[in-house]
Amino acid sequence: MFKSIRSRISALFVLLVVITELVVGLVRIGSFNRSIKNEYEKTIANVFTEEMIATLTEAANAVSVSDGEEGEEIIMSRYGPEAIGNISDIVMQHSDELGIGAEVSYRLLDSNGDVLFSSTSRELEDTADIIAGAADGESVTVRNNGSIFYALPLMGDDGVAYIVYISNTLDMLHRLTSHMWVSLLILILISAVAAYFISFIIVRSVTMPVSQLVTLAQRLADGEKVSAAEYNRRDEIGKLANALIHLSDTSREYAQRSDAEREKLEAILENMTDGILAFDMRGKLTHINPEAKRLINRSYIDDITFNKFFKEINANITLEDLHFTVNNDSTERQITINGHLLQLSFVIFSRDSSEGGVIVIIHDVTKHERLEGARRDFVADVSHELRTPLTVIKSYADILADTPDAEPELRTRFLNTISSETDRMTNIISDLLTLSKLDVDANYTRPTQDIDIRSMLDGLVERLSLTAKKKDQKLIYTPMNDVPTIRGDRDGLERVFTNIISNALKYTPSGGEINIFSSKVYNDIIVKVSDNGIGIPKNQLPNIFDRFYRVDKARSRDKGGTGLGLAIAKQTIESSFGGKIVISSELNKGTDVSINIPIQNTKRTS
C-alpha cells in the first residue's frame, strides 16, 4: 500500500498531524473537565454556603410576628415548620446562582436524615456517609461515579436543625465533553485531509526530482549516454544528477580502456607460444591458454588443482612450497610429458592479497635441447671429420718427405689420397661457411643467373654416373616435359640437387636404382628423386631438415656426412626460390624427395 516514498512521507505527515491534534485535544478536554469540576466545587463550597446562610436569615425574619393585645412581639422558633417552605422558596429564587435545574437537585433533611423537602422525584441516593458527616456539623463534598454530592448542615439552638443536600449528576458537563469530542474528531479529520494535500504538494516537489534521478540512473545503467543539459537544475538534485552523469562517463571510459586492455591481454595469452596457467591462492585453476592445454595434453581442465595436478606430472612442487619462496623469486622445474621436455616457471603475484595467485609458464624446450645436443654432436663430428683427413694428409706427407726416392706409382697414389682428403675438408669447410651465412642472414643468396634445370640435371647425372657404376647402381634421369629457364642462385640450386642425388647414391645398396624426374605442372617446376634404398624411419622424418640432424650417426660418419646438407638444401629452396622440399620415405623400401619451384621470370627452352 505504501510502496512509494511519496505515499510513505504523506502518511507519516498525516499521522503526525492526527497524533498532535489528538494529544492537544485530550489535554484540553481533560483540563476543561477538571476546571469545570473544580469551579463547581468552589461554587458549592462558597457561593451556596453564603446563599444558604442568607436564606436562613431571611426565613427567620419572616416568622417574627406580634401576639396579644398588648402588641408583645413573639419570636417563633427559628427552625420551625414554617421555615421549611420559606427556605425552599428562597433557595429556588437563587436557583440560577446555585445551578439548580435538570442536572442539579436539592433536598432539605432533618437531623435524622429524613427528607422534609425535595426538588426532584428521584429517590435519594445512598448518602448515609454524607448525611452522617453533615449531622456532625461539618459540610461534606463527595465525588462518586461522575457525580458531585454536597451536604450543608444548618445549625439551630440545639445543634444541627436541618441538612441541605445537593446532588449534581454533571450530565451537562458530559454532554459538553461529548460535543467537544465530536468537534475534536471533525477537526482531526479536516486537519488530516488538509495535511495530506499539503504533504502531497511538498513531497511531490521533492520526490519528482528523485524520480527523475532514478530514471536517469536507470538510463545510465543501461549504457545510454546522457547529456548534462537534460538535467539543468541548480539545486542539490541537479548537482547529484551531474555527478552521476560525470561518473557514468568516467566509468564508461575506464570500462572501454579496461575492455581494450583485457582483449589485448587475452589475445596475447591466446597466441603465446608458451603455455600459461593461473591459479588462485587456494590452488584453483583460473586461466589456461590453448598452448598450455596442448603441452600438458589435457582437454578436460575442470578438475585441475595446483597440488593435485603437479603431483600427477611429477613436478615435485606444492602451493605451500611457493609460499615460502623469498622475494617472489620464480621457481623452475623440468618435466617430460609425451616425449616433450617442458620447463615450468612458477611466479607468485600479489602474495599478500586475497586476489593473488600463482602464474605457471610452460616452455617446450624439447627442440632447443635437441638442437643443443645436435650442436655438441656436430662439434665432435666436425672435429673427427677434420682430424681424419688431416691425419691422413700428414701421414702421407711425412712418408713422402721421408722417402724422397719413392717409386713414382707410390708417390702418385699418396698424392691422390692427399688431394682427395683435401677436397673432403674443403667440402666440410664450405658447408660450415654456408651454414654460418644462413645463420647470419636467412635470406642470403648469391647473384641470380639463368638456370636451365634440364641441362643442370643432365650434367649432374653424367658426373655422378661413375659413382653409381662403382656400386652397380642405375642412375636414370627422365624429363617428363619441357621446363622453362628460371633465374636464381645457380650454384645453390646445383648444390641442392647434388646433395639429394648423392644421398640417394650413398644410402641405396649395390644393385639399387635411382630415378630423377623433372616436369612443369601448372606454374611450378617439380624435380623428384626416388630410390629403393634403406629409407628413413617415420618417427625421424619430422626432424630430417633440422640442422646437424643425422638419422644414424655411425652410418653418416661412414658415408662422410655432416648433417648439414638437407638443412642447407631446404633453406636454399625456400629463401632463394620461394619453393619447398618434401621427403617421404619408408624404412627398407626407399625414399622420395620432391622439390617444388615456382616459375618466375621464365625463358622457354627446347
Side-chain angles (χ1 to χ4, degrees), residues 426-439 441-465 467-468 475 477-480 483-508 514-521 524-531 533 536 541 543-551 556 559-585 591-602:
T426 301
N427 290 334
I428 293 174
I429 294 172
S430 177
D431 286 344
L432 290 175
L433 291 175
T434 301
L435 180 62
S436 176
K437 292 177 181 179
L438 291 174
D439 286 337
D441 184 2
N443 296 319
Y444 162 76
T445 58
R446 292 183 179 182
T448 59
Q449 296 175 314
D450 290 341
I451 303 174
D452 185 345
I453 291 180
R454 180 174 178 177
S455 175
M456 179 182 290
L457 291 174
D458 283 334
L460 287 174
V461 169
E462 182 179 353
R463 289 200 305 270
L464 295 173
S465 293
T467 304
L475 182 60
Y477 170 50
T478 305
M480 304 300 295
V483 295
T485 298
I486 62 173
R487 292 188 63 82
D489 181 4
R490 178 184 177 85
D491 293 339
L493 185 59
E494 185 174 1
R495 183 170 61 241
V496 169
F497 290 153
T498 301
N499 181 275
I500 292 173
I501 297 172
S502 298
N503 284 343
L505 292 172
K506 288 178 183 178
Y507 301 115
T508 300
I514 297 92
N515 287 284
I516 304 170
F517 303 93
S518 66
S519 63
K520 176 181 176 295
V521 180
D524 294 335
I525 297 174
I526 298 177
V527 176
K528 184 176 182 180
V529 179
S530 299
D531 65 62
I536 303 171
L541 283 176
N543 304 318
I544 198 67
F545 290 110
D546 292 347
R547 297 174 185 178
F548 320 117
Y549 186 82
R550 291 179 299 180
V551 176
S556 298
K559 303 296 183 180
T562 61
L564 298 174
L566 289 178
I568 295 174
K570 183 175 184 294
Q571 184 68 24
T572 301
I573 293 297
E574 291 178 352
S575 62
S576 299
F577 297 93
K580 61 181 179 179
I581 179 170
V582 179
I583 296 180
S584 59
S585 181
T591 302
D592 293 336
V593 181
S594 295
I595 301 172
N596 187 315
I597 302 175
I599 299 174
Q600 298 175 351
N601 301 325
T602 62

Those residues that, when tested against Thr508, pass side-chain hydrogen bond (donor to acceptor under 3.5 Å, both in side chains) (two or more places apart): none

Exercise: identify the closest heavy-atom pair between Ile599 and Pro484: CD1-CG, 3.7 Å

Partners passing side-chain contact (heavy atoms from CB on, under 4.5 Å) against Ala504 (at least two apart in sequence or in another chain): Ile514, Val529, Asp531

Within-4.5 Å side-chain heavy-atom neighbours: Phe577 and Ile595: no

Nearest atoms (heavy-atom pairs only) where Lys580 meets Ile573: N-CG2, 3.4 Å

Atom pair CD1 (Ile526) and CE (Met480), whose distance is rounded to the nearest 0.5 Å: 11.0 Å

For Ser518, side-chain contact (heavy atoms from CB on, under 4.5 Å) partners two or more places apart: Leu457, Tyr477, Pro479, Val527

Pairwise distance CD(Glu494) to OG1(Thr572) - rounded to 0.5 angstrom: 12.5 Å

Atom of Arg490, atom of Asp452 and distance for their closest heavy-atom approach: NH1-N, 4.3 Å

From Leu464 atom CG to Leu505 atom CG, the distance as rounded to the nearest 0.5 Å: 6.0 Å

Contact summary for Ser585 and Thr591, nearest pair of heavy atoms: OG-OG1, 2.9 Å

Interatomic distance, Lys570 atom NZ to Ile544 atom CD1 [nearest 0.5 angstrom]: 12.5 Å

Reported CG-to-CG distance for the pair Leu566 and Asn543, which is rounded to 0.5 angstrom: 12.0 Å

Residues that Gln449 engages under side-chain hydrogen bond (donor to acceptor under 3.5 Å, both in side chains), provided they are two or more places apart: none

Residues that Asp458 engages under side-chain hydrogen bond (donor to acceptor under 3.5 Å, both in side chains), provided they are two or more places apart: none

Residues which pass side-chain hydrogen bond (donor to acceptor under 3.5 Å, both in side chains) with Asn499, listed by chain and number, not counting sequence neighbours: Asn503

4.5 Å side-chain heavy-atom contact, Leu493 and Ser576: no

Side chain to side chain, Ile536 and Tyr507, heavy atoms closer than 4.5 Å: no

Smallest separation among heavy atoms of Gly578 and Pro598, with atom names: O-CG, 3.4 Å

Check: Ile516 and Leu475 side chains under 4.5 Å, non-hydrogen atoms: yes

Sole candidate of Val593, Asn596, Ile597 that passes side-chain contact (heavy atoms from CB on, under 4.5 Å) when paired with Ile581: Val593

Distance-only side-chain donor-acceptor flag, Asp592 / Ser530, under 3.5 Å: yes

